[in-house]
Every structure is written in structure tokens, then in C-alpha cells.
Participant: 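Would you mind keeping the following structure in view while I ask a few things?
The residues of the chain are indexed from 1 along the displayed sequence.
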Amino acid sequence: KTLWSKTDMSNLRLINETTVTSGVTTVSATDVFSSDFDIYKITLEGFYCTTIDYFYLRLIDLSGNVIATTYDYAALELPPFNERRGINFTGLFPSTNFLPNSEAESYNAVLYLFNPASSSNYSFMLGQSSEVEYTAGYFNKYMGVLKQTVSIAGFQLSVGTLGHSLGGGKIKIYGIRVD
């Protein structure tokens, strides 16, 4: 079996589930990555902001520090086939669009994080998402890397603009056993 074939549900282990409450500007999942798994699946369900805004994903090291440098990312928005990319950016950037401002027009994503607990390898992310923005549907594909060899314990999602906040959402984190 490979990661890209149909994943047997017995290979997934739910590690953490977090419900995002309205009014917060950041949400963190800490102490969720360990050497038990090399690959993690993260789902983001029903994310939206109180005011339309970007949001960022940053990794958290073993000491609890949020890493805000040395990320490279690339994203493709479908439609209209916009490309975005960054070098030495301040976060892995899961959304090429804005987070919508209503639960009905929410952002949903599946992310795969590779080698987060390893202190000798870079941590890589692959992902895809869907969302509705101004009643139009958008689909995103993205990848990114933290260009540091540091053990990662968790991650943080934050709203891009000071004064804006999340309206809601749910995060689920799974460890994937690869046989």
C-alpha cells in the first residue's frame, strides 16, 4: 500500500480533535506529533472568519515556539488557475483565497504533513481544499516545506489581519501507519 492508494481506515489513528470557537485569532494544536508516525493527516472542516481574511499555518517546535520564518510554499487555485508561491515566507499558506465570512461558505481542507518529529529531515506538507467565496466555488492544491531540521510538536492556524477573528471550524489530526 502507498499513501496515494485507498487508505485503509485501520491505518488511521485519531490523535486530536479541536473545535474552534468564534472570536479567537489563533488556534493551536500542540503536542500532537511524535516519532510514532512519519505521516500525519490533518483535516480542517467548516472554517470561516468573522470578516473575510487570509489565514496562515505555522509549525510549533518542541519548546512551544511558533516558527515564523523559512517556509517555502506553492499553491494553485482552480479556477481561475492562479499560482501563488513564496520563498522564506512567514508560514505555510494553506489558502490561496480568503477564508469566507459565513459558515455556509466555509473552507475545508485535507493536509498531509511528512516527518514533523524528525530533527534530521525537513517537514513537508501537501494539501488540497475547497471553499466558497462570494458564492463561487474554488479548489486549491498546495505544497510547502519548513527549511529547518527541527522536531515539530504541533501547529498554529492564525487569521492574517489584526482585529479579525475566526468564526468557527473543526480540526482533526490523524497519524497514518504505512505498512
Participant: Kindly indicate, with the supporting measurements, whether the criterion side-chain contact (heavy atoms from CB on, under 4.5 Å) is fulfilled by L92 and L111.
Facilitator: CA-CA 11 Å; L92 289 171; L111 311 172; over 6 Å; no
Participant: If you round to the nearest 0.5 Å, how far is CG of D38 from OG of S118?
Facilitator: 8.0 Å
Participant: Hey, what's the ring geometry for Y107 with F55, parallel, tilted or perpendicular (30° and 60° as the breaks)?
Facilitator: perpendicular
Participant: What's the shortest heavy-atom distance between F37 and R13, and which atoms?
Facilitator: CE1-NH1, 3.6 Å
Participant: Do you know which two heavy atoms are closest between I15 and G175, and how far apart they sit?
Facilitator: CD1-N, 3.3 Å
Participant: Taking side-chain hydrogen bond (donor to acceptor under 3.5 Å, both in side chains) as the definition, give me every residue that meets it alongside S151, ordered by chain and number, with sequence neighbours left out.
Facilitator: none
Participant: Can you pull out every ring-ring contact (aromatic ring centres under 6.0 Å, His included) where at least one residue sits in residues 150-177? Sequence neighbours excluded, please.
Facilitator: none
Participant: Below 3.5 Å, can you tabulate the donor-acceptor pairs from side chains in residues 64-76 to any protein atom, sequence neighbours excluded?
Facilitator:
from	atom 1	to	atom 2	distance (Å)
N65	ND2	D61	OD2	3.3
T70	OG1	Q148	NE2	2.9
Y71	OH	L59	N	2.8
Y71	OH	I67	O	2.7
D72	OD1	N88	N	2.9
D72	OD1	K147	NZ	3.1
D72	OD2	K147	NZ	3.2

Participant: Return the minimal non-hydrogen interatomic distance between Y142 and S129, and the atom names on each side.
Facilitator: OH-CB, 3.1 Å
Participant: Would you say V150 ends up clustered with I60 if hydrophobic residues are merged whenever their side chains have heavy atoms under 4.5 Å apart, either directly or through other cluster members?
Facilitator: no
Participant: Where is the tightest heavy-atom contact between S123 and I152, given as atom of each residue plus distance?
Facilitator: OG-CG1, 3.8 Å
Participant: Among pairs that include at least one residue of residues 162-171, which meet salt bridge (charged side-chain N to carboxylate O under 4.0 Å, His left out), considering only residues two or more places apart or in two chains?
Facilitator: E17-K170
Participant: Does atom CD1 of I87 have more than 12 heavy-atom neighbours from other groups under 6.0 Å away?
Facilitator: no
Participant: From L57 CG over to L44 CG, what is the distance, rounded to the nearest 0.5 angstrom?
Facilitator: 7.5 Å
Participant: Specify the closest pair of heavy atoms between Y40 and I173, including all atoms of both residues, with the distance to one decimal.
Facilitator: CD2-CG2, 4.3 Å
Participant: For the atom pair CG (L146) and CG (N115), what is the distance rounded to the nearest 0.5 Å?
Facilitator: 11.5 Å
Participant: Measuring from L157:CG to L166:CG, what's the distance to the nearest 0.5 Å?
Facilitator: 7.5 Å
Participant: Can you tell me how far CG of L78 sits from OH of Y138, rounded to the nearest 0.5 angstrom?
Facilitator: 11.5 Å
Participant: What's the separation between atom CD1 in I39 and atom OH in Y112, rounded to the nearest 0.5 Å?
Facilitator: 9.5 Å
Participant: Cut-off 3.5 Å, no hydrogens considered: what does the side-chain donor-acceptor table look like for residues 21-36, sequence neighbours left out?
Facilitator:
from	atom 1	to	atom 2	distance (Å)
S34	OG	D36	N	3.2
S34	OG	D36	OD2	3.4

Participant: Going by the rule side chain to side chain contact (heavy atoms under 4.5 Å, CB included), which residues pair with Y48 if we only count those two or more places apart in sequence or in a different chain?
Facilitator: E103
Participant: Can you find a heavy atom in the side chain of F114 that is under 4.5 Å from one in the side chain of L126?
Facilitator: yes
Participant: Locate the shortest heavy-atom distance separating N108 from E45; write the atom from each residue and the value.
Facilitator: OD1-CA, 3.3 Å
Participant: Report yes if some heavy atom in the side chain of I42 is under 4.5 Å from a heavy atom in the side chain of I171; otherwise report no.
Facilitator: yes
